[in-house]
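See structure below.
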There are 2 protein chains.
Amino acid sequence: MQPLLISDSLLVKLKSIGSLRKMPSDSILMNEDDYIQAIPIVLNGSIKVMRTDEDGKEILLYYIKPGESCVMSFLGATCNERSKIKAIVDEPAEILMLPISKAVELIRTFPEWIEFIFQLYNRRFEELLDVINAIAFQKVDERLWELLKKKAAMNNTKELAVTHQQLADELGTAREVVSRLLKQLEKSKKIALSRNKVTIL
Amino acid sequence: MQPLLISDSLLVKLKSIGSLRKMPSDSILMNEDDYIQAIPIVLNGSIKVMRTDEDGKEILLYYIKPGESCVMSFLGATCNERSKIKAIVDEPAEILMLPISKAVELIRTFPEWIEFIFQLYNRRFEELLDVINAIAFQKVDERLWELLKKKAAMNNTKELAVTHQQLADELGTAREVVSRLLKQLEKSKKIALSRNKVTIL
DNA sequence: GTAGCTATGTGACTTTAGTTACGGTATGCC
DNA sequence: GGCATACCGTAACTAAAGTCACATAGCTAC
């Protein structure tokens, strides 16, 4: 996966028309059924995108990393619809908020912009397909293990600061299930457990 | 859901540059890992888009209906990637095959084209999210019932010509499970069963 | 008709996951 | 220290889904 999809000249252009916003962890960038006001472009930090159920259950869809944007917001914006997802800040993030009107204008004036959007769509589409594969065909223990590895790769550390509950939420299952499976992984020497921490061995 | 997303003028333009192909039921329009040669636009009939697992299991993602296109192919084409999905003809279809080069050109020359693509993305994205919701949060019996209703609505008939095995494949589960659940639906007078046929009451 | 195929029905069992319930433990705060 | 709070461990149970085995039923071709 490439680190940055966005070119320098496009980035400069975007910075000139958008407004910068710093957001701490766990702040909510967007909620399900929100109307979309602006298109967020993540400059650094990361955003966690979740799908939620009526009765509060949720599941992790993907992360938005630096240089990426939330395509859902672009879709929603151009089609004037409500958000179907919830986006919360994972690592504290600097986000460039782009007014919709400007974003639409850019399609005409900056051909690279559309290229950027398409690439993002592609990535997100694939990630959604991966999620579907995972929940349709994989067992929870595999999914948990892969989630741990993904988190380790993303944060570039083997020490993950997470609770069992958080992992359970991201997988869309119960805390007890995660605790059980983590214990198994510990027994098979793949991880070590301590409070608020999972260490990959 | 609107019947047609595509405007007449755009359709005329597309017809002038694409080649028409008639395909019978069950012919394979695209397979996982195929390279994408052309962008298909469905004029009539319908296409079933599935995601498959390494070991043969599969799950229905969505249907492509008249006036729509397979956005995956557009994504794959613009980013020069392989298909991540399998597309097979459901109802016998007439399909307009659009060479990729022309499709890319259209972005510049026909602004409406890009609008069309974006609308499709939006629809497909939502459908994928619906699939995720379904497999993550719903039980198989609910999903089966909704699948039956969807099929009835789509084909505009209450008599569905399907086998239990086909339904099982679309749900990504086993035939026995579907048989059992269909029996339950029959007992609760929601459907009637006979060979190769499910009738919604 | 009947052989052979495909489709369906169903019981029994296993595996996986979700639920309930509660005890124990680390941590921070007063 | 002592208490409150969040976090973790685990047993016991239930529910859902997947698997296995096999019986039966309907259709087609000869």
Side-chain angles (χ1 to χ4, degrees), chain A residues 25-26 52-60 131-148 151 159-188 190-199, chain B residues 25-26 53-60 131-148 151 159-199:
Chain A
S25 283
D26 296 325
T52 59
D53 187 41
E54 309 84 51
D55 41 284
K57 282 186 287 187
E58 50 185 33
I59 188 167
L60 173 69
V131 171
I132 289 176
N133 257 46
I135 52 185
F137 304 126
Q138 282 186 286
K139 286 191 290 177
V140 180
D141 55 355
E142 285 179 87
R143 290 173 54 210
L144 174 60
W145 177 233
E146 286 180 11
L147 178 63
L148 293 175
K151 280 180 171 289
E159 298 216 337
L160 307 175
V162 282
T163 68
H164 298 186
Q165 185 63 59
Q166 284 167 8
L167 293 171
D169 286 344
E170 300 196 354
L171 293 173
T173 182
R175 200 267 311 163
E176 293 85 335
V177 174
V178 169
S179 290
R180 260 203 304 260
L181 298 174
L182 283 175
K183 213 68 203 160
Q184 282 178 20
L185 284 172
E186 192 181 39
K187 274 183 191 149
S188 56
K190 288 184 172 173
I191 60 172
L193 296 174
S194 51
R195 193 187 173 83
N196 294 323
K197 195 168 78 175
V198 177
T199 310
Chain B
S25 283
D26 296 326
D53 186 43
E54 309 84 49
D55 42 283
K57 283 184 286 187
E58 50 185 33
I59 189 168
L60 174 68
V131 171
I132 288 176
N133 256 47
I135 54 184
F137 305 126
Q138 281 186 289
K139 287 192 289 177
V140 180
D141 55 356
E142 284 179 89
R143 291 173 52 210
L144 174 60
W145 177 232
E146 286 180 11
L147 177 63
L148 293 175
K151 279 179 171 289
E159 299 216 338
L160 308 175
V162 282
T163 67
H164 299 184
Q165 185 63 60
Q166 285 167 7
L167 293 170
D169 287 345
E170 300 195 356
L171 294 173
T173 183
R175 198 268 313 163
E176 293 89 327
V177 175
V178 169
S179 289
R180 263 203 300 262
L181 297 173
L182 283 174
K183 214 67 204 164
Q184 283 179 21
L185 285 172
E186 192 181 37
K187 274 182 190 148
S188 56
K189 308 283 181 203
K190 287 183 173 173
I191 59 173
L193 296 174
S194 50
R195 192 187 173 83
N196 294 321
K197 195 168 80 176
V198 177
T199 310

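Residue numbers begin at 1 in each chain, while the letters A, B, ... track the order of the sequences. Side-chain atoms are counted along with the backbone in the values below, which use heavy atoms only and exclude waters and symmetry mates.
- Between A/N196 and A/D141, the residue anchored nearer the 5' end of DNA chain C, judged by the nucleotide with its closest heavy atom, is A/D141.
- The CD-C1' distance, from B/E176 to D/dC20, rounds to 8 Å in whole Å.
- Nearest-nucleotide positions on DNA chain C for A/V140 and A/R175 put A/V140 closer to the 5' end.
- Rounded to a whole Å, the CG atom of B/D169 is 11 Å from the P atom of C/dA7.
- Put simply, the side chain of A/I191 does not reach to within 4.5 Å of the side chain of A/T199, judged on heavy atoms.
- B/Q166 places its CD atom 14 Å from the P atom of C/dT6, with the value rounded to the nearest Å.
- With rounding to whole Å, B/L182 atom CG is found 12 Å from C/dT10 atom P.
- Comparing D/dG18, C/dT10, C/dG18 against the side chain of B/K183 picks out C/dT10 as the nearest.
- The nucleotide whose nearest atom lies closest to any side-chain atom of B/T163 is, among C/dG9, C/dT20, C/dA7, C/dA7.
- B/Q138 places its CD atom 20 Å from the P atom of D/dA15, with the value rounded to the nearest Å.
- Using a 4.0 Å cut-off between a side-chain N of Lys or Arg and a carboxylate O of Asp or Glu, A/K183 and A/E186 qualify as a salt bridge.
- Here C/dT16 presents its C1' atom at 15 Å from NZ of B/K139, a figure rounded to the nearest Å.
- A close approach under 4.0 Å does occur between a side-chain nitrogen or oxygen of A/H164 and OP1 or OP2 of D/dG9.
- A/L182 has its side chain within reach of A/L148: a pair of non-hydrogen atoms, C-beta onward, lies under 4.5 Å apart.
- Phosphate proximity of C/dG18 to A/T173: present, with a side-chain N or O under 4.0 Å from OP1 or OP2.
- The B/R195 side chain lies nearest to C/dT6 when the options are C/dT6, C/dT19, D/dA17.
- For the side chain to side chain contact (heavy atoms under 4.5 Å, CB included) with A/S179, the lone residue among A/Q165, A/H164, A/Q184 that qualifies is A/H164.
- In the set C/dT27, C/dT16, D/dT19, the nucleotide with an atom closest to the side chain of B/A174 is D/dT19.
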